[in-house]
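Beneath this line is the structure, given in structure tokens, with notes to follow.
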There are 2 protein chains.
Amino acid sequence: METAGTAEAVPRPGLRERKKRRTRDALLRAALELFTTQGYERTTVDEIAEAVDVSQRTFFRYFAGKEEVALAVQEMVEEHFVRSLRGRPPGEAPLEALRRAVLDGWDTINEAVASVVPVELYLRMFRLIESTPVLLAAHLRRSAETEEEIARLLAAREGLDVDTDPRPRLAVAVFGAVMRVTGRQWSTGEDFSLEAIRALTAAYLDQVGPALTGNWRTSGGS
Amino acid sequence: METAGTAEAVPRPGLRERKKRRTRDALLRAALELFTTQGYERTTVDEIAEAVDVSQRTFFRYFAGKEEVALAVQEMVEEHFVRSLRGRPPGEAPLEALRRAVLDGWDTINEAVASVVPVELYLRMFRLIESTPVLLAAHLRRSAETEEEIARLLAAREGLDVDTDPRPRLAVAVFGAVMRVTGRQWSTGEDFSLEAIRALTAAYLDQVGPALTGNWRTSGGS
DNA sequence: TTGTCGTTTGTCAGTGGCTGTCACTAGCCT
DNA sequence: AGGCTAGTGACAGCCACTGACAAACGACAA
């Protein structure tokens, strides 16, 4: 956090700072472009560095590893969602707040992403993550961390202790599970639009209740 | 599949086969022992191979990578659980079958694991996985694959198409989420016994309902 | 027993991700 | 202007992992 204080967030970035940000953004964009065109495994770090004309060592000074650059945008999106959740009114029930936060997050995704990469590139990258085992693994682990953060957030909201009451973690885990199924369904479907995943999210959240009802044989599916 | 037929599963393993199994088991045990004593990252493949007195190349002929050997026992346990689930009577409601299969799985965990490694070593390894980021990531991804298998299994049981009806995948994802929270809670708790995780499993499954109820502020806690 | 065959294994060489070190350059500050 | 420090490139090295080939060894039959 650069600006913990009050107003003026950008007194003067300084030349060094600007140069750094430009290098980082360039690396990120180059990496994503290479990943989505020739695949994650078939892209080497040397290639990415060369595309931006820096040394391999410099790449590793900006990103902890190949994985991190691949998941950087996803990270931004999750932060966007958590921010959205923090903004929900305290009166809302936990699951209601979660639901509204995600749907709101999709509606405003542009604000969070477009400044660094085009949304379309983000969506392509999302699908690549789902279909690349090592990326999917890393993504799932990071999601688990985000879930822990959200669980603490909700527990605080409701005045509970996350270590003695299992309900916050359980609820968040369940919610996260639904989000994951949604994302997977979207990425293997046909409609790769933003509206599609937004609609899927709403639909699947509505289906959780029925899915947990014992008898699936009466009245059914999508 | 060596023995697809009916009875006699072990006519005569043959010397070669026995030697192979012995090498594999030795590698597995040595790896787990090293991992749990000095940590996963601080253990090299060369070390493991040397402990069994084979070449590094041979290690990679038995295991696809360092990750695989670390998760091998976990894999056996999950297979054990899926087997247990397949044995549930068709009349049971899906979630009921899942619940009974897991609890049953814990009760009979010895049969599935003890022949290869002591159960105690498995439990230690379980905790190591939870606390080692790259292992946790790989574990979560494999769990996702198992969940897909289970979803198809349940869908078949109930006569549904897993691709048009979201409920099987949703239910399994929710169930898996609860199991993960359970495992995490167990591994960070104090009682590392088998009974402890068994009891936690039952308790957390009972808490899912309440966790999804909107109002946590009335009556709660562990 | 001996010879042949196919499998298992070791050796060697190489790739790619990632890290430590060190010297150099270029912003920044007084 | 000149010193301080952050950012960088060049180089060397570790470790996970793979392909290729030859040697060792078990299986089986003559």
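Residue numbering restarts at 1 for every chain, and letters A, B, ... go by the order of the sequence lines.
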| Nucleotide D:dT18, atom P - distance to CZ of B:F59 in whole Å | 11 Å

| Which whole-number value in Å describes the distance from A:E50 CD to C:dG17 P? | 13 Å

| request: Measure from OH on B:Y40 to C1' on D:dC15 and round the result to the nearest Å. | output: 12 Å

| task | Look at the side-chain N and O atoms of A:K66 and state whether any lies under 4.0 Å from the OP1 or OP2 oxygen of C:dC18. | result | no

| said: With a 6.0 Å cut-off (strictly less than), is the heavy-atom count around CD of A:Q38, excluding the residue itself, greater than 12? | reply: yes

| field | Separation of D:dA27 P from B:K19 NZ (nearest whole Å) | value | 9 Å

| query | Atom CD of B:E17 and atom C1' of D:dG26: how far apart are they, to the nearest Å? | reply | 11 Å

| task | Establish whether the base of C:dG16 is bridged to the side chain of A:R42 by a donor-acceptor pair shorter than 3.5 Å. | result | no

| Can you tell me if the side-chain N/O atoms of B:K20 get under 4.0 Å from OP1 or OP2 in C:dT8? | yes

| field | Among C:dC18, D:dA16, C:dT7, the nucleotide that comes nearest once only the side chain of B:F60 is considered | value | D:dA16

| field | Value in whole Å for how far the P atom of C:dG10 lies from CG of B:D53 | value | 8 Å

| said: Any donor-acceptor pair under 3.5 Å linking the side-chain atoms of A:S193 with those of A:D191? | reply: yes

| query | Under 3.5 Å, is there an N or O donor on one side and an acceptor on the other linking the side chain of A:R57 and the base of C:dG20? | reply | yes

| field | Proximity to the side chain of B:T23 - top-ranked nucleotide from C:dG10, D:dC15, C:dT9 | value | C:dT9

| said: I need the CZ-C1' distance between B:R16 and C:dT9, as an integer number of Å. | reply: 11 Å

| Which part of the nucleic acid, if any, lies within reach of B:Y62 when heavy atoms closer than 4.0 Å are counted: base, sugar-phosphate only, or nothing? | sugar-phosphate

| request: For the pair B:R124 and B:T36, evaluate side-chain hydrogen bond (donor to acceptor under 3.5 Å, both in side chains) and give the outcome as yes or no after the intermediate values. | output: CA-CA 7 Å; B:R124 261 196 291 154; B:T36 53; 3.2 Å; yes

| message | Determine whether the aromatic ring centres of residues B:W106 and B:F81 are separated by less than 6.0 angstrom. | response | no

| message | Go nucleotide by nucleotide along DNA chain C from the 5' end; which of A:R61 and A:Q56 gets its closest nucleotide reached first? | response | A:Q56

| field | Distance, rounded to the nearest Å, where B:E41 contributes CD and C:dG17 contributes P | value | 18 Å

| N/O donor-acceptor pair under 3.5 Å between B:S115 side chain and B:E111 backbone | no

